[in-house]
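To keep things clear, I will list the structure first and then write my remarks on it.
Reminder, nothing fancy here: chain letters follow the sequence lines and each chain counts from 1. Here the structure is a predicted model, which is why all the values come from computation and not from measurement.
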There are 2 protein chains.
Amino acid sequence: MILKAIVRDYTSNGVPVGSKALASQLPMHVSSATVRNEMAALEELGLINKTHSSSGRVPSVKGYRYYVDYLVQPDPVKSNDIDVIKSSLDGQFLKIDEIIELSANILSNLTSYTAFTVKPELKESRLSGFRLVPLGKRQVMAVLVTDNGDVETQTFGVPQGVEGEQLEAVVRLINDQVIGQPLATVLELLQTSIPLQIAHYLQSPDGFLKIFGDVLTKAAQERFFVGGRLNLLNYSDNADVEELKSLYTLLDRSDDMADVLGQTGDAIQVQIGSEITNKILRDYSLITATYSVGGHGKGVIALLGPTRMPYSRMIGLVGAFRQELAKRLMDYYRNFDE
Amino acid sequence: MILKAIVRDYTSNGVPVGSKALASQLPMHVSSATVRNEMAALEELGLINKTHSSSGRVPSVKGYRYYVDYLVQPDPVKSNDIDVIKSSLDGQFLKIDEIIELSANILSNLTSYTAFTVKPELKESRLSGFRLVPLGKRQVMAVLVTDNGDVETQTFGVPQGVEGEQLEAVVRLINDQVIGQPLATVLELLQTSIPLQIAHYLQSPDGFLKIFGDVLTKAAQERFFVGGRLNLLNYSDNADVEELKSLYTLLDRSDDMADVLGQTGDAIQVQIGSEITNKILRDYSLITATYSVGGHGKGVIALLGPTRMPYSRMIGLVGAFRQELAKRLMDYYRNFDE
DNA sequence: TTTAGCACTCAACTTATCCAAGTGCTAAGA
DNA sequence: TCTTAGCACTTGGATAAGTTGAGTGCTAAA
């Protein structure tokens with residue numbers, strides 16, 4: 001298929017591909033004139049474009065789309081790459097956040113693009129403990145633990161006039177009421193019943209509620225990691241400074257990125273150029289995939305690169321990576337549950 | 001003085017300055033020919049350069065040096081800027097790390113350059129508490145508190161066969177031995193006497209020592225913050241991608257940056273272009289200053305920008321900022337000590 | 001010591017020219 | 001009907017040549 005050859009050539013060379021060069025690359029023997037005719041047809045269909053009236057052809061978004069949907073087959077991952085993944089991921093005994101952060105880095109190194117990893121959904125995880133640890137004179141640390149081992153802390157000063165016993169009582173109350181509940185539920189309760197009950201023990205419960213709410217929100221937040229930010233400088237060749245800035249700003253806004261990465265089904269999904277809803281990314285492509293960790297929810301891994309990325313290799317890599325990551329995390333949790 | 005006028009003109013316009021334009025700007029009435037003669041003299045001294053044989057003049061590093069050392073006087077800070085500083089810095093009750101991080105951001109916003117803040121030296125702070133907080137089945141959080149209110153935590157899994165009482169005993173031991181000692185001393189003890197003593201209580205003390213060491217190191221580490229990373233893209237006009245990458249990499253390597261920022265005396269110090277020891281920064285200028293927080297040590301603030309930055313304004317700003325920051329932190333600690 | 005005048009230099013911009021790669025189209029061949 | 005050789009045409013990009021303007025150094029007069 002001609003389109004396939006065009007995409008492959010263009011993604012690997014980055015130069016508009018002409019009929020003559022293409023003819024020599026095709027498996028069967030055809031003349032450049034034949035290729036030209038075919039190309040004219042593909043252009044008619046809107047699958048390829050010319051950059052100017054006498055230039056070679058470049059795949060359009062629609063062309064990439066067709067290629068990705070019907071033509072591409074994932075490259076088998078090079079055994080070398082597999083080694084890199086495996087060896088980077090084991091070694092020291094890592095905590096879950098570290099595994100996930102590390103994953104973003106490995107994936108970005110392997111691809112020279114920018115990689116994202118999102119931790120398995122935490123909204124579904126349950127509160128398994130909340131306590132206050134006195135640190136000094138009037139300083140206290142709030143510690144929240146979830147049932148999949150996440151720990152969130154925050155220190156704060158205790159205002160004059162609040163006694164240790166009062167706080168103790170409140171913590172006991174909280175634990176009695178909400179241990180074992182999903183974080184989302186607890187967040188709701190925090191708006192409704194909890195304040196009333198606390199009012200029995202504390203004169204001004206606002207401060208305490210804020211702390212508890214803060215820690216809870218932090219724990220419930222989807223945490224996502226970015227690897228290979230700097231690679232952006234390589235593959236966004238002709239972006240001006242302002243564009244780059246808004247791109248980088250976007251990468252740091254976790255809620256916006258959640259939107260971008262959120263619409264992911266179970267299969268590996270490829271969004272190309274203008275297909276991406278976020279305008280800032282309209283010149284790039286995004287490969288997203290979920291990985292599921294048994295009963296512990298699903299996370300997302302994603303890869304951002306230029307529209308002219310070698311899709312076959314990238315899709316292969318993302319596929320292999322999500323498997324490996326899922327496996328590691330399953331192991332991790334198995335270990336932890338036991 | 002002509003040099004002063006040249007520097008001022010060049011830093012504000014970025015274009016080599018010619019004799020005619022300069023003559024019209026000077027306070028006294030002189031002809032361009034006179035200015036040309038003066039310029040030739042300055043060039044003889046190596047204070048200014050031509051970019052090509054018939055271009056206007058540009059200050060050399062030596063020229064900037066002279067300007068900064070003898071000619072510049074700090075601009076009084078615009079009342080507007082002062083407002084920005086003050087209003088950004090108060091508001092919510094912030095923790096010390098947040099104040100310092102925020103400072104880097106404010107300073108970078110104000111200047112459109114890249115700002116650094118280093119927390120007052122922690123090596124001198126003392127250990128005021130270490131404890132282990134059980135979180136779940138076999139998960140424990142190590143908490144370390146210093147006498148100026150810093151808290152450092154780390155969670156870890158307890159291996160099978162180690163009992164709670166044993167750990168309790170060890171923690172009690174640690175607290176008896178090292179509470180009140182400077183962190184640096186504790187780090188030394190960790191190499192010498194502590195392991196022997198712990199051996200009484202734990203069969204394999206290595207794991208525990210590692211945890212304690214980790215937390216301790218984290219707490220003793222100079223923490224520094226960077227604000228306005230992205231501004232780098234604006235003012236490093238003609239740097240290629242590779243240079244930018246190594247710059248950004250440098251910004252994230254806290255030990256390298258410690259070197260760069262470390263050699264700072266009490267006065268506001270300006271390092272220009274090739275004067276900076278780190279090669280990567282040879283096309284930039286760095287303004288550094290310490291701020292001292294009474295008995296709580298000294299921190300550093302710094303500003304990285306192009307060699308052709310408007311030094312008078314920047315020096316003024318850094319000066320004002322360090323005062324304000326010192327004041328805030330004094331307040332903070334006063335509050336905390338009480 | 002300052003300044004007017006003048007010849008000279010050079011980067012940056014504009015035009016002109018050429019070239020290679022590529023296209024569309026036509027007409028002949030399988 | 002599909003393929004292909006041939007050919008005129010288009011176009012971006014690279015190179016060369018001309019133009020301009022800001023700026024310089026130097027000389028000689030005030």
Nearest whole angstrom, please: distance from the P of D:dG23 to the CE of B:Met39. 9 Å
Is any side-chain N or O of A:Arg57 closer than 4.0 Å to OP1 or OP2 of C:dT23? yes
Is there a donor on the side chain of A:Arg36 or the base of D:dG6 sitting less than 3.5 Å from an acceptor on the other? yes
Take the protein atom NZ of B:Lys20 and the nucleotide atom C1' of C:dG5, then report the distance between them rounded to whole Å. 13 Å
Got A:Pro74 and A:Met314 here, is their nearest side-chain heavy-atom distance under 4.5 Å? no
In whole angstroms, the gap separating P of D:dG12 from NE2 of A:His52 amounts to 5 Å
May I ask you to verify if any side-chain N or O of A:Ser55 is less than 4.0 angstrom from the OP1 or OP2 atom of D:dG12? no
How close or far is atom P of D:dG23 from atom CG of B:Asp9, stated in whole angstroms? 10 Å
Under-4.0 Å side-chain N/O to phosphate OP1/OP2 contact, B:Ser53 with C:dC10: yes
From D:dA5, D:dT11, C:dT3, nucleotide with atom closest to B:Ser31 side chain: C:dT3
Find which nucleotide of DNA chain C each of A:Ser19 and B:Ala33 is nearest to by heavy atoms, and output the residue with the more 5' nucleotide. B:Ala33
Of the nucleotides C:dA21, C:dT3, D:dT24, which has the atom closest to the A:Ser54 side chain? C:dA21
Electrostatic pair A:Arg229-A:Asp252, nearest N-O below 4.0 angstrom: yes
What is the distance from CD of A:Glu43 to P of C:dC25, rounded to the nearest Å? 11 Å
Does OP1 or OP2 of C:dT3 have a side-chain N or O of B:Thr34 closer than 4.0 Å? yes
Is atom OH of A:Tyr235 surrounded by more than 12 heavy atoms (other residues, nucleotides or ligands) closer than 6.0 Å? yes
Please give, in whole Å, the distance from C:dT2 P to B:Ile2 CD1? 10 Å
Thinking salt bridges, do A:Asp81 and A:Arg313 make one under a 4.0 Å N-O criterion? yes
Aromatic ring centroids of B:Phe116 and B:Phe225 under 6.0 Å? no
Counting just side-chain N and O atoms, does B:Lys50 come under 4.0 Å of either OP1 or OP2 of D:dG25? yes
What integer distance in Å separates B:Ile48:CD1 from D:dG23:P? 14 Å
What integer distance in Å separates A:His29:NE2 from D:dT3:C1'? 11 Å
Toward the 5' end of DNA chain C, by each residue's nearest nucleotide, A:Ala21 or B:Val30: B:Val30
